[in-house]
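Presented below is the structure to which this report refers.
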Amino acid sequence: GAGEGNKQAMRAIVESGEVPGLLAYRGDEPVGWCSIAPRERYPRLGRSRVLKPIDDQQVWSVVCFYVARRHRGQGLMETLLRAALDYARSQGATIVEGYPRDAAATPVADISAYTGVATVFQRVGFVECARRSPVRPIMRCYL
């Protein structure tokens, strides 16, 4: 989806009481976003040959980041990822998965980093558990 359809879908999720992710603020200004939810809330993952489940463990997934352009390069992705782990832990999660780009395999442009960058996931404690694509590892953090 795109545009207005996405806005309406997100509005419906929020109005339902579901928490679809976390926002980062600098003062009163929203500067970043990170999705975090149980994996089953992201049905496209199950249909992907690259990101399909690696086992039957109950996991939460981080699938998307956004950092406002003028705030990039300041560590917000790592801050958001750490906050996502804290939130998932507070909700009873024991495993959190991410599907970042591996910048060592190929340079990562800003537009491609929306799923995160593997080195940031590693710094936060994620380990690679599977790789079905040269540039897209499946990484887990065990809480």
Side-chain angles (χ1 to χ4, degrees), residues 1-26 29-69 71-143:
E4 190 58 35
N6 276 359
K7 289 179 186 177
Q8 290 176 5
M10 182 62 79
R11 183 174 289 116
I13 290 169
V14 171
E15 289 175 353
S16 78
E18 182 179 328
V19 175
L22 305 173
L23 291 170
Y25 285 85
R26 287 243 163 96
E29 179 186 8
V31 296
W33 150 265
C34 174
S35 68
I36 178 75
R39 183 186 169 99
E40 60 267 13
R41 296 219 183 118
Y42 304 109
R44 289 182 72 183
L45 293 175
R47 295 190 301 268
S48 168
R49 78 176 169 76
V50 173
L51 303 177
K52 65 186 177 187
I54 59 175
D55 57 30
D56 61 357
Q57 296 289 317
Q58 294 294 311
V59 302
W60 281 51
S61 295
V62 173
V63 299
C64 184
F65 291 89
Y66 174 78
V67 175
R69 184 178 308 257
H71 296 279
R72 293 179 187 159
Q74 300 173 33
L76 278 175
M77 183 181 289
E78 184 172 333
T79 299
L80 280 162
L81 187 53
R82 288 183 188 281
L85 292 176
D86 289 344
Y87 174 72
R89 185 181 293 110
S90 78
Q91 300 301 303
T94 58
I95 303 171
V96 176
E97 254 181 17
Y99 318 98
R101 295 285 300 206
D102 183 351
T106 183
V108 178
D110 285 349
I111 194 70
S112 299
Y114 72 92
T115 59
V117 180
T119 55
V120 173
F121 279 72
Q122 289 168 338
R123 279 197 307 267
V124 172
F126 281 74
V127 294
E128 185 173 327
C129 294
R131 187 183 290 243
R132 299 181 184 116
S133 158
V135 298
R136 182 76 46 144
I138 296 175
M139 301 183 79
R140 284 185 172 174
C141 184
Y142 296 89
L143 305 176

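Numbering starts at 1 and runs along the sequence shown.
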Would you mind reporting whether [Y] and [X] have side-chain heavy atoms less than 4.5 Å apart?
X: Gln58; Y: Glu40; value: yes
X: Val63; Y: Arg44; value: no
X: Arg26; Y: Leu76; value: yes
X: Arg101; Y: Arg136; value: yes
X: Val62; Y: Met139; value: no
X: Val31; Y: Tyr25; value: no
X: Leu45; Y: Glu97; value: no

Looking at every heavy atom in both [X] and [Y], which two are closest together, and how far apart are they?
X: Arg39; Y: Pro53; answer: NH2-N, 3.1 Å
X: Gly46; Y: Lys52; answer: O-CB, 4.1 Å
X: Cys141; Y: Gly125; answer: SG-O, 4.0 Å
X: Gly116; Y: Met77; answer: CA-SD, 3.7 Å
X: Ala37; Y: Arg41; answer: CB-NH1, 4.1 Å
X: Asp102; Y: Ala118; answer: CA-CB, 4.1 Å

Whether the side chain of [X] engages the backbone of [Y] through a donor-acceptor N/O pair (distance < 3.5 Å, no angle test) should be reported.
X: Ser16; Y: Ile13; answer: yes
X: Arg132; Y: Val50; answer: yes
X: Arg82; Y: Val124; answer: no

Between the CZ atom in Arg11 and the CD atom in Glu4, the distance rounded to the nearest 0.5 Å is 6.5 Å
Q) Passes side chain to side chain contact (heavy atoms under 4.5 Å, CB included), Phe65 versus Leu81? Steps please. A) CA-CA 9 Å; Phe65 291 89; Leu81 187 53; 4.1 Å; yes
Contacts satisfying ring-ring contact (aromatic ring centres under 6.0 Å, His included) that involve residues 33-57 (not counting sequence neighbours) are none
So ring-ring contact (aromatic ring centres under 6.0 Å, His included) across residues 122-143, not counting sequence neighbours, yields Phe121-Phe126
Just list the side-chain donor-acceptor pairs under 3.5 Å for residues 83-96, sequence neighbours left out, or say none.
residue: Asp86; atom: OD1; partner: Arg89; partner atom: NH1; Å: 3.1
residue: Ser90; atom: OG; partner: Tyr87; partner atom: O; Å: 2.7

